[in-house]
Amino acid sequence: MTNAAPITDRIDDPESARESGRQKIDWAREHMPIMRALREEFETDQPLAGERIGMAMHVEATTAVLTETLAAAGAEVAITGCNPLSTHDDVSRALDAHDSITSYAERGVDDEAYYAAIEAVIGHEPTITVDDGMDMVAAIHDDHPELIDSILGGCEETTTGVHRLRAMDDDGALEYPVFAVNDTPMKRLFDNVHGTGESALSAIAMTTNLSFAGKTIVVAGYGYCGKGVAKKAAGQNAHVVVTEVDPRRALEAHMEGYEVLPMAEAAAKGDVFVTTTGNRDVITAEHFERMDDGTLLANAGHFDVEIDLDGLSDLAASTREVRPGVQEYELSSGKRLNVLAEGRLVNLAAPVALGHPVEVMDQSFGVQAVCVRELSGTAYEPGVHDVPDDLDREVAEIKLDAEGLGIDDLSDEQTEYMGSWDHGT
Ligand code: RBV
């Protein structure tokens, strides 16, 4: 299937792998002013001296910049992937060459090796965890509860992870504090919208070498990610159809000018499908049967459960890889449906995928870095915590400064006015 190394990896020998990974990391850092500013502060203040950080994230260049920034703050860091197909092996090897970092991430591993690598990270007995999808928090609670007392807290990168954590917290099962990094303005309004929008579409385009112009693209889910995909697809002259389960979001999509349909009807209309719901079974057998020959199916949600691939396999008479990262399923009728990146998040798991653009990851990882710093200095109760607003603002201010953008300050009178309730007509 798509287990081949990304075409951008050069891993023929350890030395050139490290060099190729180092080159990617250096390029990313060059475009990450927030990470550079925080690194400078961290190198001086050493806020993470003595901490051990365990990370499960997409191991590519921007994540490596975050990892090295945490190491520069004095931490020992162990890292592995949060998806079997998103690791760049050269970046993983370059990271592993760092004195204070151990990387267990490898692309194309099976489930057993994926979870063994998470175990290996937990073997470093982290005092702080950084997750994308909550697999590390889950493994610690399930298999290593004895470590929980010495864990200061965790940070969670993505919508699905925060959703899982809140469910765990509601059940009274979350035993250490975790920051919902995903839910901050500096993350969600940029990474989820622009990051997912741009990287999902560019990964689909590069994987297939096909155009969006003149096509009908069906976007399942009109949350932050769906909004980004819909907007960017419209910007590439596609006709956009949105499917939703929430009446307000459906209306929002309608007022934005998109066609809103149930999936059963959208199935017959779409040329390209992109799922962004975070839920399972969004596209199933009843939908596959209505689709046209040649339809492209891609997922941009965190887990590979949105497109029912078992259901599709059951319908298929045969299946074959037609391009790297494209699996064709031929139904008994002769109709062919093309699944990208095994239904895993296409913007990171396709062989050509690079993840989100560097600038948005600078913001997301800026929030991660200040949250890790916060956990090392302040004790929080177990449970999911919103990121303190002043931390998010701090990251925004660094970025504004780097962009050379000025904003206004409130006068004392304005501040007083906004805090008062007795000024009527
Ligand atoms: N994401 N990471 C990258 N490192 O290139 N690209 C996207 C990268 C994150 C993003 O923040 C999102 O919340 C998460 O991947 C989904 O797993």
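Everything quoted here is computed from the prediction, not taken from an experiment. Counting starts at 1 for both ligands and their atoms, in listed order.
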- Query: When the aromatic ring centroids of Tyr176 and Tyr380 are compared, is their separation below 6.0 Å?
  - Reply: no
- Message: Looking only at the aromatic ring of each residue, does the gap between the centers of Tyr224 and His194 stay below 6.0 angstrom?
- Response: no
- Report the distance from atom CG of Leu251 to atom OH of Tyr222, rounding to the nearest 0.5 Å. 11.5 Å
- Query: How many angstroms lie between atom CG of Leu354 and atom NE2 of His356, to the nearest 0.5 angstrom?
  - Reply: 12.5 Å
- Message: Counting C-beta onward and ignoring hydrogens, is there a side-chain heavy-atom pair between Val282 and Ile307 closer than 4.5 Å?
- Response: no
Within the protein, flag every N or O under 3.5 Å from an N or O of ligand 1, and note the pair and distance.
| from | atom 1 | to | atom 2 | distance (Å) |
| --- | --- | --- | --- | --- |
| ligand 1 | 4 (N) | Glu60 | OE2 | 2.6 |
| ligand 1 | 4 (N) | Thr62 | OG1 | 3.3 |
| ligand 1 | 4 (N) | Thr63 | OG1 | 3.1 |
| ligand 1 | 5 (O) | Glu60 | OE1 | 3.4 |
| ligand 1 | 5 (O) | Glu60 | OE2 | 3.3 |
| ligand 1 | 6 (N) | His356 | N | 2.9 |
| ligand 1 | 11 (O) | Glu157 | OE2 | 2.5 |
| ligand 1 | 11 (O) | Asp191 | OD1 | 3.2 |
| ligand 1 | 11 (O) | Asp191 | OD2 | 2.6 |
| ligand 1 | 13 (O) | Thr158 | OG1 | 2.7 |
| ligand 1 | 13 (O) | Lys187 | NZ | 2.8 |
| ligand 1 | 15 (O) | His58 | NE2 | 3.3 |
| ligand 1 | 15 (O) | Asp132 | OD2 | 3.1 |
| ligand 1 | 17 (O) | His58 | NE2 | 2.8 |
| ligand 1 | 17 (O) | Asp132 | OD1 | 2.8 |
| ligand 1 | 17 (O) | Asp132 | OD2 | 3.4 |
| ligand 1 | 17 (O) | His302 | ND1 | 2.7 |

- Note on the structure: Residues at least two apart in sequence or cross-chain that pass salt bridge (Lys or Arg N to Asp or Glu O under 4.0 Å) with Lys215, listed by chain then number, are none
